[in-house]
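A short write-up of the structure that comes next.
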Protein chains: 2
Amino acid sequence: MKPATSTPTFRPLYLQIKSMLEESLARREWGPGEVIPSELELASRYGVSHGTIRKAIAALSADNLLVRRQGRGTFVATHTEEHSSTFRFLRIRRNDQVDEYPASRLLELRRGKATGDVARTLGLKPGEPVFGLRRVLDFDSRPTVLDDITLPVALFRGLTRARFDAYRGSMYGFFETEFGVRMLRADERLRAVAADAGVADILEVPVGEPLLTVDRVTFTFGDKPVEMRRAVCVTRRCHYLTSLN
Amino acid sequence: MKPATSTPTFRPLYLQIKSMLEESLARREWGPGEVIPSELELASRYGVSHGTIRKAIAALSADNLLVRRQGRGTFVATHTEEHSSTFRFLRIRRNDQVDEYPASRLLELRRGKATGDVARTLGLKPGEPVFGLRRVLDFDSRPTVLDDITLPVALFRGLTRARFDAYRGSMYGFFETEFGVRMLRADERLRAVAADAGVADILEVPVGEPLLTVDRVTFTFGDKPVEMRRAVCVTRRCHYLTSLN
DNA sequence: CAGTGGTCTAGACCACATC
DNA sequence: ATGTGGTCTAGACCACTGG
């Protein structure tokens with residue numbers, strides 16, 4: 001009898017190719033937004049059939065690593081193009097259904113050291129340097145979300161307020177183009193809390209106002225955690241939208 | 001130049017077959033938990049190739065309408081089997097990572113009439129009869145979630161407290177086996193609110209305690225809305241878990 | 001028009017579950 | 001041994017995009 005944790009004895013070809021393509025993406029053989037070689041070329045490169053390549057690409061496309069465009073080619077997914085994927089990592093919507101993408105204001109950028117909880121979550125040694133960012137999102141010109149973001153300095157070396165403010169586009173677009181860090185997946189845990197004095201002041205609500213907190217851990221290639229953030233959100237005019245399938 | 005809302009001029013075979021299979025499922029040609037015919041048989045029945053049937057089934061499987069089991073067959077998905085899908089429609093988890101499935105207590109079952117908001121959401125005429133259920137979920141033997149559920153009487157005729165209490169299993173399992181109503185998909189909107197006196201009493205928290213509210217609309221075949229519910233949730237020992245991909 | 005991704009086929013073979 | 005879903009192939013053809 002084999003041990004319960006034995007190696008899966010069998011690995012389909014298309015999954016092996018998926019892994020190889022994923023490595024190519026991780027090492028930026030093709031950059032964000034660029035076309036990858038055509039299916040026929042990849043098929044001959046890996047010595048497999050059209051169909052097998054298609055299964056590999058379909059899987060990567062389901063993971064949002066690639067985007068297929070009929071008649072044009074297959075492209076590396078990017079956070080810098082404002083398509084329908086704009087709201088992929090932003091689940092906060094206005095109650096009135098208006099699809100507004102909020103303005104972002106950076107309040108603070110400081111350096112600190114990873115303490116127990118942060119170190120554990122981000123896979124750092126306690127005391128390793130981290131950046132702490134604090135920013136506000138305005139919906140309908142009103143402060144609505146307060147984000148406290150923690151990033152390992154090792155991956156975001158050279159991050160400054162000036163560079164942050166100079167960039168036009170989403171924060172994950174900024175991370176992608178300026179630091180080569182691609183956010184691929186996130187887990188979120190939501191809770192309700194009462195506003196304390198500091199938060200109430202920033203979000204212009206009374207102390208004690210019920211707020212939605214969203215604790216996010218974001219992962220890059222190889223399921224490596226690279227961002228921790230806590231969002232605190234006023235839900236009078238907005239809500240958090242999700243779908244169960 | 002064609003009008004922007006023109007018919008999609010082209011519908012792949014596998015999607016047509018997917019639709020036909022979906023209709024078979026909706027009219028219960030095969031019941032929840034049962035096997036459907038093998039891929040080879042379906043292929044010959046519809047006069048298409050193995051591969052085309054597989055694409056159709058793969059799509060239905062991705063929608064959680066079917067479950068494939070290698071070597072055994074393809075089965076109609078059901079809410080009555082306690083597998084990994086137990087938490088598909090329950091995103092509340094304990095903070096301590098224990099995978100507890102909460103106990104449910106029905107507090108109230110009454111009949112009422114659909115008013116503006118409910119009628120609009122459920123696609124009913126104002127004044128049509130609805131059931132109102134109120135129940136509590138206990139995590140770790142403590143009241144944690146208060147659900148207020150609204151159902152159209154037309155679809156749940158004969159629902160009584162006795163039948164509800166007699167059933168062993170999840171609420172959606174109950175709806176499926178007792179009324180033939182299958183919940184396939186849901187949209188949820190989350191907000192933070194302060195506990196009022198009534199809720200505070202039931203959930204055993206102080207008035208004003210911040211609570212997470214989850215407004216859910218649940219859909220069955222053909223994207224027909226069949227359930228509306230508001231969950232109010234204590235998030236001291238629990239949280240709402242979700243993933244962004 | 002050429003080149004891309006998307007569909008469909010027919011058939012071979014593999015992995016897995018059950019008898 | 002049989003039957004199920006899962007993989008892989010080779011090739012034909014379709015739909016879409018861009019020059």
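Owing to the predicted nature of the structure, the values given are computational and were not obtained by experimental measurement. Quick note: numbers below take in every heavy atom, side chains included, and nothing from hydrogens, waters or symmetry partners. Letters A, B, ... mirror the listed sequences (proteins, then strands); counts begin at 1.
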Quick one: [X] [atom1] to [N] [atom2], roughly how many Å, whole number?
X: B:R54; N: D:dT4; atom1: CZ; atom2: P; result: 13 Å
X: A:Q16; N: D:dT7; atom1: CD; atom2: C1'; result: 12 Å
X: A:K18; N: D:dT7; atom1: NZ; atom2: C1'; result: 16 Å
X: A:L42; N: C:dT4; atom1: CG; atom2: P; result: 11 Å
X: A:E39; N: C:dG6; atom1: CD; atom2: P; result: 6 Å
X: B:L40; N: C:dA10; atom1: CG; atom2: P; result: 12 Å
X: B:L13; N: D:dA15; atom1: CG; atom2: P; result: 12 Å
X: A:L15; N: D:dG6; atom1: CG; atom2: P; result: 13 Å

* A:R105 CZ to A:D165 CG distance, which is reported to the nearest 0.5 Å ->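 Here the interatomic distance stands at 12.0 Å.
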* Between B:R91 and B:T242, do the side chains contain an N or O donor and an N or O acceptor separated by less than 3.5 Å? ->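 The criterion, which ignores hydrogens and geometry beyond distance, is satisfied for B:T242 and B:R91.
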* **Parallel, tilted or perpendicular: ring planes of A:F174 versus A:Y167, cut at 30 and 60 degrees** =>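 Rings of A:F174 and A:Y167: tilted, as their planes differ by 30° to 60°.
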* To do: May I ask you to decide if B:P32's main-chain N or O and B:E176's side chain share a donor-acceptor pair within less than 3.5 Å?
  =>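 The answer is no, because no donor-acceptor pair under 3.5 Å joins these two groups.
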* Asked: Counting side-chain heavy atoms from C-beta on, which of D:dG5, C:dG6, C:dA15 comes nearest to B:T74?
  ->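 Looking only at heavy atoms from C-beta outward on B:T74, the closest nucleotide is D:dG5.
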* **Closest listed nucleotide, where the reference is the side chain of A:Y14 and the choices are D:dC8, C:dT18, D:dG6** =>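 Side chain of A:Y14 sits closest to D:dC8.
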* Asked: If you pin B:I57 and A:G51 to their nearest nucleotides in DNA chain D, which one's is more 5'?
  ->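 With B:I57 and A:G51 compared, the 5'-side residue is B:I57.
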* Take A:H50 and A:R72, find for each the nucleotide of DNA chain D with the closest heavy atom, and name the residue whose nucleotide sits nearer the 5' end. =>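 In this pair, the answer is A:H50.
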Using a cut-off of less than 4.0 Å, is there contact between a side-chain N or O of [X] and OP1 or OP2 of [N]?
X: B:S49; N: C:dG11; answer: no
X: B:K55; N: C:dC8; answer: no
X: B:R68; N: D:dG6; answer: yes

* Cation over ring, B:R237 on B:F139, under 6.0 Å and within 45°? ->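 Ring-cation test returns no.
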